[in-house]
Amino acid sequence: MAARFNPLEADAHWQKVWEERGTFHASDSSGKPKAYILEMFPYPSGRIHMGHVRNYTMGDVLARFRRMNGFEVLHPMGWDAFGMPAENAAMEKKVHPGAWTRSNIETMKGQLKRIGFALDWSREIATCEPDYYGHEQALFLDLFEAGLVYRKQSEVNWDPVDMTVLANEQVIDGRGWRSGALVERRKLSQWFLKITDFADELLDGLGALDQWPDKVRLMQENWIGKSQGLRFRFDLTAPVPDREGTPLAPLPEREGLGVGQPEGGSMPASGSHAASEGGPDPIEGPEPQPTPGPSLAGRGISSFEVFTTRPDTIFGASFAAIAADHPIAQALADRNPAAGAFIEDCKRGGTTAAELETAEKKGFDTGLRVRHPLDSACELPLYIANFVLIDYGTGAIFGCPAHDQRDLDFARKYGLPVTRVVAPTPEEAADPIGDEAYTGPGRLVNSRFLDGLTAQDGIREVIARAEADGWGEGTTVWRLRDWGVSRQRYWGTPIPIIHCDACGAVPVPREQLPVVLPEDVSFDIPGNPLDRHPSWNKADCPSCGGSARRETDTLDTFVNSSWYFIRFASQPADAPFDKAAAESWLPVDQYIGGVEHAILHLLYARFWTRALNRIGRLGVEEPFKGLFTQGMVTHPSYSRKREGEERPIYFTPDEIARRPDGSAYLTASGEDVIVGRVEKMSKSKRNTVDPDEIIDQYGADAVRWFMLSDSPPERDLPWSEAGIEGSWRFVQRLWRLASEAAGGSHSTWLGGDGEDKPLARKLHQTVAAVAANIEALAFNKAVANVYELANAIEKAAPSPTRQQAIESLILLVAPMVPHLAEAAWASLDRDGLIADAPWPEVDPALLIEDEVTIAVQVNGKLRDTLTAAKGAAKDDLEQLALASDKIQRVLEGKAPRKVIVVPDRLVNIVA
RNA sequence: GCGGACGUGGCGGAACCGGUAGACGCCGGAGACUUAAAAUCUUCUGCCCUUCGGGGCGUGCGGGUUCGAGUCCCGCCGUCCGCACCA
């Protein structure tokens, strides 16, 4: 056995052995209990980074550990291969997005293989290939047929220079991130998935996900945002003339805003269904929403609806307010320039965090009045207000200044009355409201028939009365919006729809799937190349056979990642998945990835799974039984900022040398640089460390070990040269221990005789502790356990126990440093691969110590320790403690007033 | 603003259910081996005082509960994350 472990040889050798033997191929039919371990698949951006290494190492340890414990493990890998960076690369580097993506995949796959992950590469998926996205199109049509897909007008951020839609993150200070052009709001007809139909079950389902971090569950809960309350109608004292000759402004939400026409007070809202380009669109929104015809136009609006979670405070109302985009506001703008100007002003307001923080509450008094629903003699002024959101509830509110801070700020500014209607105690019923709205508990006051009720009872009472009298109803409002999946992009899954002037939007017939992206596209001109493709976008209407246009929007990349875990579990050629095969693996037992996906990806995947379940395609409700969100790999950044330079220049770690005092300078010039804070590795800060270079230098096992060491996996891991050096040293230490146990040095242990009981205890305790810690994903603790055992073995005298301990130690580290473990296993002349070896058994008898150290305290302060047999009687411990010289000295002859004995732990003498 | 997490040596962190705070690793000191260096091994390493027996202090700050608090309760301070005018 070589004196030093040589990872360059060993890594490649064992990786080849695993591959040749198909060691990590998951069998659907082995009969063993199944475990599905999954890490979030990477976007093929170019190269693997340390964050990937950390993420996949954690999953790998768990996967290998489960295998050793007798599970049939599915541990697959693939590529989230559609997305904008490929198009950006196409524009910048003049390469086809497909070529760029596929070449990145090749590179990254090679990198992953060098780290020795126990992956079943036979199930590899790339979402950009037709054999994946074709099935996605089929699933889209399934949802379409089930009525879970619809089309509606929606606002997007439009970059007029790049002629493309921008995500919110790509709009910086109102300008496109790439072009710098002022972004416009445009309405486009787009496809939506009815995730709001699942809002209730997505919320309820969170309760059963007890192996998810509370943080993520809470974030999803807030995102779904369920609010219960009262939706009710305000009647205007005089109707507002409607916008002339035109339908009311299209509404962003499928639920109308409850704007009433004069004769039909309860008529549904005006529609958002401006027919899509050219012809009738047979695909209705969830609620058919008739557009007011010419006959209705001009007759005016006589009422509107508001939503409140606090109907109990209704007698505290002192004004009503509507959003700037509300139909009434729009109608007023037509005839009142001041109103129009105010609305424009509202729209100009920034949307950044800082601006909202300081944004002043502003309103425009429309001069209109609404009748209080419970007191027709009471009239309230109607404002257009900048803090009312058109997207939430009904886009209109009633203002109760005494018990809502925003309303209070608003009322103070415009001199509106502030009436307390909730008081913590009866004595405080007449107390005036200061600068802070009262939102605490109490009973209702100044509220006529509600007086004396709690808020809860008041809410119930007002809703009951509204429903009985027909002016409102109890309702639930969600923050969650339907999922808009249309992207005006090339590099995505084509939406399998054909638009026909005569028949509307018609699904592509199943036998014509996949709708394959054309390869002959160019990115020389801005805009979506599918739109200007000479032939691809033309098709025959599947319904009438006439000439028609293919949908040129593609699906949001989050659709790709919403079902890839199902395709991993089962991948027939002719269907997205086989139901029974998929169900045999799902749900994923442990899913590991970054917390940045806590909301969107995980919510969409949950929705998609539930949608498939509802339509009978899959008998699984939740895709991920266990979820773990790991921390980032961080590193200090180094920068220099000279006088007059606008932004700092960053340097890579290898351009830098550190001084003992922690300061840093450029190796080349000696110039001082600023040591930045330890933060996420990123290209822009140039504080990345390339895994390949590290593996070249230290081998895969040292990198893996470092990824698991020290930092708890959910926290950030600071990369350090010293850390990887330490891991390298430990790998070599393990190798030396293994060498001692290997054939060549048998004499070392044969010289000893008898059993080393303390070492045996330590061994069995460690086996149990490492297993428990891996199980809990507490890898840093498992690593510490291993160190302790290694220390104990090194100190122990030669004995058969020591030999046994070394062999077990190799098994314990096999999931973490698999190459070294295989090499050591082979040198021990053991049959087969350690990857297939069982986890060492634990003798429960050896987990218990027979002697314990007892702390002896006087008045809670540690004064002595003593050794006693485990389970010693309380009286004996007390006698032993009092017999101690040290204790007697501290007591100075005083008699103890009281003695507390905790068996096997401590004795505390109260003097 | 709302919600959440966290705060322990020079550093990463450990500490079961309230019971010896600082496991394990890193950095650092001293020593061994070596012509020398690297590697390796031994050993020390929370802070302060010490007559080297030991003593005092110590888990962000201030209180409290308890025989006993890093852990529980109340009030502050700070850092980080998420959401953000959500009626």
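All values reported here derive from a predicted model rather than from experimental measurement.
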- Between A:Asn222 and A:Glu794, which is nearer to the 5' end of RNA chain B once each is assigned its nearest nucleotide? A:Asn222
- Message: On RNA chain B, compare the nucleotides closest to A:Arg863 and A:Asn908; which residue's is nearer the 5' end?
- Response: A:Arg863
Under 4.0 Å between any heavy atoms, over every strand shown, what does [X] touch: base, sugar-phosphate, or nothing? Just pick one.
| X | value |
| --- | --- |
| A:Val388 | base |
| A:Arg897 | nothing |
| A:Val902 | base |
| A:Glu788 | sugar-phosphate |
| A:Ser709 | nothing |
| A:Asn791 | sugar-phosphate |
| A:Asn780 | sugar-phosphate |
| A:Ser720 | nothing |
| A:Leu906 | base |

Would [N] be called syn or anti here, given the cut-off of 90° from 0?
| N | value |
| --- | --- |
| B:G9 | syn |
| B:C76 | anti |
| B:G63 | anti |

Consider the side chain of [X], meaning its heavy atoms from C-beta on, and name the nucleotide among [options] that approaches it most closely.
| X | options | result |
| --- | --- | --- |
| A:Trp223 | B:G54, B:G19, B:C83 | B:C83 |
| A:Leu218 | B:C26, B:G3, B:U20 | B:G3 |
| A:Thr853 | B:C41, B:U20, B:A14 | B:U20 |
| A:Arg4 | B:A39, B:C26, B:A87 | B:A39 |
| A:Pro712 | B:G82, B:A87, B:G13 | B:G13 |
| A:Ile900 | B:G82, B:A87, B:C67 | B:C67 |
| A:Gln857 | B:C24, B:U40, B:G19 | B:G19 |
| A:Arg479 | B:U20, B:G12, B:A84 | B:A84 |
| A:Tyr787 | B:G12, B:C24, B:U20 | B:C24 |

Does [X] put a side-chain nitrogen or oxygen below 4.0 Å from OP1 or OP2 of [N]?
| X | N | result |
| --- | --- | --- |
| A:Arg905 | B:G68 | no |
| A:Arg406 | B:C86 | yes |
| A:Arg729 | B:C26 | yes |

Pairwise [atom1] distance for [N] and [M], with rounding to whole Å:
| N | M | atom1 | value |
| --- | --- | --- | --- |
| B:C81 | B:U43 | C1' | 43 Å |
| B:A21 | B:C57 | P | 13 Å |
| B:C49 | B:U66 | C1' | 31 Å |
| B:G13 | B:C17 | C1' | 22 Å |
| B:G9 | B:G60 | P | 8 Å |
| B:C76 | B:G7 | C1' | 14 Å |
| B:A39 | B:A32 | C1' | 14 Å |
| B:C6 | B:C16 | P | 14 Å |

- Item | Donor-acceptor pair (no angle test) under 3.5 Å: A:Arg733 side chain, B:C41 base | no
- Message: Can you tell me whether the side chain of A:Lys781 and the base of B:C24 have a donor-acceptor pair closer than 3.5 Å?
- Response: no
With a 3.5 angstrom cut-off on both distances, give the Watson-Crick or G-U wobble partner of [N], or none if there isn't one.
| N | result |
| --- | --- |
| B:U40 | B:A32 |
| B:G9 | none |
| B:G1 | B:C83 |

- Message: Does A:Arg479 qualify as a cation-pi partner of A:Trp223, given the criterion of NZ or CZ under 6.0 Å from the six-membered ring centre and within 45 degrees of its axis?
- Response: yes
Tell me whether [X] is salt-bridged to [Y], with the criterion being a basic N under 4.0 Å from an acidic carboxylate O.
| X | Y | answer |
| --- | --- | --- |
| A:Lys685 | A:Glu679 | yes |
| A:Arg736 | A:Glu794 | no |
| A:Arg231 | A:Glu305 | yes |
| A:Asp312 | A:Arg460 | no |

Atom-to-atom span, [atom1] of [X] to [atom2] of [N] - whole angstrom:
| X | N | atom1 | atom2 | result |
| --- | --- | --- | --- | --- |
| A:Leu602 | B:G82 | CG | C1' | 14 Å |
| A:Met632 | B:C81 | CE | C1' | 10 Å |
| A:Leu812 | B:C24 | CG | P | 18 Å |

- Query: Quick one: does A:Arg863's side chain have a donor or acceptor within less than 3.5 Å of a partner on A:Val858's backbone?
  - Reply: no
- A:Lys226, NZ: over 12 other non-hydrogen atoms inside 6.0 angstrom: yes
- When rounded to the nearest 0.5 angstrom, what is the spacing between CD1 in A:Ile322 and CD1 in A:Ile397? 10.5 Å
